[in-house]
Amino acid sequence: MKHYDIVIIGSGPGGYVAAIRAGQLGFKTAIIEKYNTLGGTCLNVGCIPSKALLDSSHRYEDTKKHLSAHGISLTGEVLLDLPAMIARKQAVVDQTCGGVAFLMEKNGVEVLRGVGSFVSPTQLKISANGSEEFIEAKNVIIATGSKPISLPFIPIDKERVITSTEALSLKEVPIHLIVIGGGVIGLELGQVYRRLGAEVSIVEYADSILPTMDRGLGKELAKVFKKQGFKIYTQHQVKEVHRDGNMVTVSATAPNGETLALEGDYCLVSVGRCPYTAGLNTEAVGIKLDERGRVEVNEYLQTSVPNIYAIGDVVRGAMLAHKAEEEGVAVVEHLAGQKTHIDYNLIPGVVYTTPEVASVGKTEEQLQASGVQYKVGQFPMRALGRARASAETDGFVKVLADSDTDEVLGVHIIGARAADMIAEAVVAMEYRASAEDIARICHAHPTFTEAIKEAALAATDNRALHI
């Protein structure tokens with residue numbers, strides 16, 4: 001029987017990054033993966049393929065609609081080759097997953113194929129193709145991630161009523177795509193197919209899209225999306241989804257009690273994800289799960305069984321790849337006797353639509369609920385020279401700072417490059433910067449990041465320069 005210092009179950013971003021760090025620190029490490037490729041949901045059917053399609057669809061839409069404004073004329077029709085677009089997406093996925101396999105080899109991590117389950121706290125069974133293998137592990141990290149959820153009355157057939165996985169590989173552009181759920185996944189994939197020519201309707205139960213982010217962001221994105229041709233129905237509770245041949249009917253109840261009936265050829269169900277622990281046999285070793293099926297862990301991400309840890313989507317907190325990566329590194333460094341640090345308040349969230357949306361720290365709603373006195377500085381992207389030069393003027397930057405200390409408590413961005421710009425806010429908040437600290441930093445001109453400086457100036461005695 002093989003013996004390892006650390007065995008990781010699951011090769012998503014949390015799992016494979018934990019394995020790399022374990023290899024760097026000299027642990028004898030193995031990673032168990034049941035699928036043929038490494039990388040988990042994120043690399044195979046999540047973050048990476050969706051961003052590839054977002055980029056391709058953005059180029060198509062720009063070429064078809066926006067180049068003439070830049071003095072670029074095309075002769076002939078701009079044609080869409082959806083199979084080629086999907087093939088490019090898959091090539092990006094394959095290259096990225098292959099890179100993870102290379103990193104496993106480079107760092108001396110053994111990849112074990114199959115479904116891993118607990119026999120005892122230190123013994124694991126790996127099942128694959130009817131065979132079983134048993135290994136010993138001094139420490140185990142559960143990194144099995146999450147899976148899409150549905151509503152109990154919605155039959156997911158993976159043909160016309162689909163999840164994000166199927167939406168990444170459609171063979172045709174929908175005529176009318178109905179998206180149930182106005183969160184990150186639904187909005188990103190909805191925008192992919194809207195750009196390619198589909199009619200897109202978004203049905204959201206909450207009173208705003210992006211309901212978990214600062215309310216101003218969802219309000220602004222809804223305004224932009226409506227200009228792009230989306231139909232958005234907030235505060236609508238879906239009651240029934242029915243497929244008849246190639247058509248899908250979605251019935252929802254409006255705030256006034258009236259019934260909304262939408263008919264489309266595809267329905268994307270994107271109402272969230274749940275932790276995936278099936279097959280682990282956690283009950284055999286006494287690992288505790290909470291009421292939502294998440295593995296319970298302490299501040300060191302240690303489960304109720306001392307040598308077993310859990311990270312990423314399978315534990316509490318935001319279901320984000322970069323959060324899982326930070327947790328994976330933290331567990332391995334803790335096992336190595338090092339000091340670890342994760343500030344969960346400073347894990348940024350990003351939506352890769354156009355415009356992009358990014359956020360870190362507290363929202364206005366959270367500050368209001370906790371009774372914190374704060375001040376707001378907001379600056380519109382349209383006031384930036386770079387935004388006008390690039391014809392990307394939608395959105396704003398909002399800085400929230402403590403009324404007494406001026407410490408930055410939250411930064412919320414909607415606009416071009418928001419996904420990259422948010423890193424400046426994370427660094428500033430990690431060092432507990434004040435709004436004035438950011439306002440005094442010289443930002444290059446013309447850039448989109450000037451909006452962060454201007455919003456910080458606005459929060460500092462309302463002295464933004466360009467509005």
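Computed over heavy atoms, backbone and side chain alike; hydrogens, waters and symmetry mates excluded. Index from 1, following the sequence.
- Sequence neighbours left out, the pairs with a member in residues 232-257 that pass salt bridge (Lys or Arg N to Asp or Glu O under 4.0 Å) are Asp157-Arg243, Glu159-Arg243.
- Separation of atoms CG (Leu268) and CD1 (Ile162) is listed at 5.5 Å; rounding is to 0.5 Å.
- More than 12 heavy atoms of other residues, nucleotides or ligands lie within 6.0 Å of OH in Tyr344, so this atom counts as buried by the packing criterion.
- For Arg59, the salt bridge (Lys or Arg N to Asp or Glu O under 4.0 Å) partners are Asp55, not counting sequence neighbours.
- No donor-acceptor pair closer than 3.5 Å links the side chain of His334 to the backbone N or O of Val332.
- Contact check on Glu327 versus Arg316 returns a salt bridge, with a Lys/Arg side-chain nitrogen under 4.0 Å from an Asp/Glu carboxylate oxygen.
- Here the side chains of Pro275 and Arg292 are not in contact, with every heavy-atom distance at 4.5 Å or above.
- A salt bridge links Glu220 with Lys223; the closest basic N to acidic carboxylate O contact falls under 4.0 Å.
- Closest non-hydrogen pair, Val350 versus Ala358, comes out as CG2-CB, 4.1 Å.
- The shortest distance between side-chain heavy atoms of Phe102 and Met104 does not fall below 4.5 Å.
- The side chain to side chain contact (heavy atoms under 4.5 Å, CB included) check on Asp207 picks up Arg215, Gln235, with sequence neighbours excluded.
- The distance from atom OG of Ser434 to atom CZ of Arg440, rounded to the nearest 0.5 Å, is 8.5 Å.
- Using a 4.5 Å cut-off on side-chain heavy atoms (C-beta onward), Met381 and Val397 make contact.
- From Ile141, atom CD1 reaches atom CG of Leu301 across 9.5 Å, with rounding to the nearest 0.5 Å.
- Heavy atoms only, all atoms of each residue included: Gly190 and Leu177 are closest at CA-CD2, 4.4 Å.
- Within a 6.0 Å sphere centred on CD of Glu105, heavy atoms belonging to other residues, nucleotides or ligands number 12 at most.
- Remark: Lys219 pairs with no residue by the salt bridge (Lys or Arg N to Asp or Glu O under 4.0 Å) rule, at least two apart or across chains.
- A salt bridge links Glu188 with Lys51: at least one charged nitrogen is closer than 4.0 Å to a carboxylate oxygen.
- Separating the CG atom in Leu196 from the CG atom in Leu170 is a distance of 10.0 Å, to the nearest 0.5 Å.
- Between the side chains of Arg194 and Gln191, not a single donor N or O lies within less than 3.5 Å of an accepting N or O.
- Closest of all the heavy-atom pairs between Met429 and Leu409 is CE-O, 3.3 Å.
- Ala459 approaches Ala435 most closely through the heavy-atom pair CB-CB, 4.1 Å.
- Residues Leu80 and Met85 form a side-chain contact, since some pair of their non-hydrogen atoms from C-beta on lies under 4.5 Å apart.
- Atom OG1 of Thr96 is separated from atom CG of Leu43 by 5.5 Å, given to the nearest 0.5 angstrom.
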Using the rule given for side-chain contact (heavy atoms from CB on, under 4.5 Å), can you reason through Ile154 versus Val271, listing the C-alpha separation, both sets of side-chain angles and the distance that settles it, and then say yes or no? CA-CA 11 Å; Ile154 299 180; Val271 293; 5.9 Å; no
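- Within 6.0 Å of the CZ atom in Phe153, the count of heavy atoms belonging to other residues, nucleotides or ligands exceeds 12.
- Here Asp406 pairs with Lys375 in a salt bridge; the nearest charged N to carboxylate O distance falls below 4.0 Å.
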Return all side-chain donor-acceptor pairs below 3.5 angstrom for residues 415-425, not counting sequence neighbours, or 'none' if the list is empty.
| residue | atom | partner | partner atom | Å |
| --- | --- | --- | --- | --- |
| Arg417 | NH1 | Glu392 | OE1 | 3.0 |
| Glu424 | OE1 | His443 | NE2 | 3.4 |
| Glu424 | OE2 | His443 | NE2 | 2.6 |

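- At most 12 non-hydrogen atoms from other residues, nucleotides or ligands lie less than 6.0 angstrom from CG of Asn36.
- Between Glu454 and His466, the side chains place a donor N or O and an acceptor N or O closer than 3.5 Å (distance only, hydrogens not considered).
- Each salt bridge (Lys or Arg N to Asp or Glu O under 4.0 Å) pair with one or both residues in residues 165-177, not counting sequence neighbours, appears once here: Arg160-Glu172.
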List the steps and the verdict of side-chain contact (heavy atoms from CB on, under 4.5 Å) for Leu67 and Leu74. CA-CA 8 Å; Leu67 289 187; Leu74 297 174; 4.2 Å; yes
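- Counting heavy atoms from C-beta outward, Ile180 and Ser270 have side chains that stay 4.5 Å or more apart.
- With salt bridges taken as basic N to acidic carboxylate O contacts below 4.0 Å, one links Lys227 and Asp394.
- The two residues Val241 and Cys267 make their nearest non-hydrogen contact at CG1-SG, 4.4 Å.
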One pair to check against side-chain contact (heavy atoms from CB on, under 4.5 Å): Thr353 and Phe225. What are the steps and the verdict? CA-CA 10 Å; Thr353 50; Phe225 264 32; 3.8 Å; yes
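- Once rounded to the nearest 0.5 Å, the distance linking OH of Tyr233 with CG of Leu260 reads 5.5 Å.
- Looking at Val93 and Val45, their side chains never come closer than 4.5 Å, going by heavy atoms from C-beta outward.
- Between Pro211 and Glu204 the shortest side-chain heavy-atom distance falls below 4.5 Å.
- Partners of Leu79 by side chain to side chain contact (heavy atoms under 4.5 Å, CB included), not counting sequence neighbours, listed by chain and number: Glu77.
- Contacts of Glu61 classified as side chain to side chain contact (heavy atoms under 4.5 Å, CB included), with partners at least two apart in sequence or in another chain: Lys65, His66, Arg195.
- In this structure, the side chains of Ser146 and Thr41 stay at 4.5 Å or more apart for every pair of heavy atoms.
- Within the structure, side-chain hydrogen bond (donor to acceptor under 3.5 Å, both in side chains) contacts touching residues 78-93 (residues at least two apart or in different chains) are Ser56-Arg88, Lys89-Ser169, Gln90-Asp94.
- Looking only at atom types and distance, the side chain of Thr249 has no donor-acceptor partner in the side chain of His242 under 3.5 Å away.
- Within a 6.0 Å sphere centred on CZ of Arg463, other residues, nucleotides and ligands contribute more than 12 heavy atoms.
- With sequence neighbours left out, Glu407 forms a salt bridge (Lys or Arg N to Asp or Glu O under 4.0 Å) with Arg432.
- Under a cut-off of 6.0 angstrom, the local environment of CD1 in Ile149 is crowded, with over 12 non-hydrogen atoms contributed by other residues, nucleotides or ligands.
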Exercise answer: donor-acceptor pairs, residues 366-374 side-chain atoms, under 3.5 Å, sequence neighbours excluded:
| residue | atom | partner | partner atom | Å |
| --- | --- | --- | --- | --- |
| Gln366 | OE1 | Thr363 | N | 3.0 |
| Gln368 | NE2 | Tyr374 | OH | 2.9 |
| Ser370 | OG | Gln366 | O | 3.0 |
| Ser370 | OG | Leu367 | O | 3.2 |
| Tyr374 | OH | Glu364 | OE1 | 2.6 |

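- The stretch residues 186-208 participates, sequence neighbours left out, in no ring pair (Phe, Tyr, Trp, His ring centres under 6.0 Å) pair at all.
- When only modelled atom types and interatomic distance are considered, Glu326 and His341 share no side-chain donor-acceptor pair under 3.5 Å.
- Between the side chains of Ser201 and His176, at least one donor N or O lies within less than 3.5 Å of an accepting N or O.
- For the residue pair Ser50 and Leu189, the shortest heavy atom distance occurs at CB-CD2, 4.5 Å.
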